[in-house]
Amino acid sequence: MATLEQEIEAYGAMRIELERDHFNEWVVIHEGRAAGFFDTSEDSTRFAIERFGRGPYLIRQIGAPPTTLPVSALFGGIRARN
């Protein structure tokens, strides 16, 4: 099973070809390969969850800079309790 870091590296290796053929589309990278291309982030997310469950997989808009999520988004908004 690939790690998220490996999926990011795979995207980097494919980036030029992806930008040439699928610019501005959304791609799901799973186990080092492009598993699907989509017009919206919602469609790509739905596909990834239905097909691969919790992952790991990478969803990225081709040609867009990488997005950094805040920690609260990664952990579902968990709040500290006093």
Side-chain angles (χ1 to χ4, degrees):
M1 178 186 300
T3 65
L4 182 57
E5 290 79 17
Q6 290 169 321
E7 306 295 21
I8 293 168
E9 288 177 18
Y11 176 86
M14 294 183 262
R15 186 182 59 79
I16 292 172
E17 180 180 325
L18 292 173
E19 288 180 357
R20 181 190 68 220
D21 298 338
H22 298 279
F23 191 80
N24 214 34
E25 293 179 37
W26 292 82
V27 64
V28 175
I29 305 291
H30 182 257
E31 294 187 356
R33 66 177 189 82
F37 299 95
F38 304 89
D39 292 329
T40 68
S41 62
E42 292 83 5
D43 289 344
S44 62
T45 301
R46 187 176 303 110
F47 169 83
I49 291 169
E50 289 174 0
R51 185 108 183 253
F52 307 120
R54 295 183 67 164
Y57 45 79
L58 175 68
I59 300 172
R60 183 161 294 172
Q61 187 176 24
I62 299 167
T67 302
T68 302
L69 297 174
V71 173
S72 61
L74 297 174
F75 293 100
I78 297 172
R79 297 179 191 197
R81 294 180 188 209
N82 293 335

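Keep in mind that what you see is a predicted model, and the values were worked out from it rather than measured.
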Are the side chains of V27 and M14 in touch, meaning some heavy atoms are under 4.5 Å apart?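 Sidechains of M14 and V27: no contact.
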Do F47 and I59 touch side chain to side chain, with heavy atoms closer than 4.5 Å?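 SC-SC contact between F47 and I59 ruled out.
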Holding to salt bridge (Lys or Arg N to Asp or Glu O under 4.0 Å), I want the full list of residues that pass it with R51, two or more places apart in sequence or in another chain. none
Does E31 have any side-chain contact (heavy atoms from CB on, under 4.5 Å) partners at least two apart in sequence or in another chain, and if so, which? none
Tell me every residue that passes side-chain contact (heavy atoms from CB on, under 4.5 Å) with D21, counting only those two or more places apart in sequence or in another chain.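 D21 satisfies side-chain contact (heavy atoms from CB on, under 4.5 Å) with E17 once adjacent residues are dropped.
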Closest heavy-atom contact between [X] and [Y]?
X	Y	answer
A10	G32	CB-CA, 3.7 Å
G63	F23	CA-CE1, 3.5 Å
P56	A2	CG-O, 2.8 Å
E7	I29	OE1-CG2, 3.6 Å

Check: E25 side chain, Q61 main-chain N or O, donor-acceptor pair, under 3.5 Å: no
Can you measure from [atom1] ([X]) to [atom2] ([Y]) and round to the nearest 0.5 angstrom?
X	Y	atom1	atom2	result
R46	S41	CZ	OG	9.5 Å
Y57	I49	OH	CD1	4.5 Å
F37	D43	CZ	CG	14.5 Å
Y11	L58	OH	CG	8.0 Å

Let me see the working for T45 and W26 under side-chain contact (heavy atoms from CB on, under 4.5 Å), right down to the final yes or no. CA-CA 9 Å; T45 301; W26 292 82; over 6 Å; no
Could you check whether atom CZ of R54 has more than 12 heavy atoms from other residues, nucleotides or ligands sitting under 6.0 Å from it?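 At most 12 heavy atoms, drawn from other residues, nucleotides or ligands, come within 6.0 Å of this atom.
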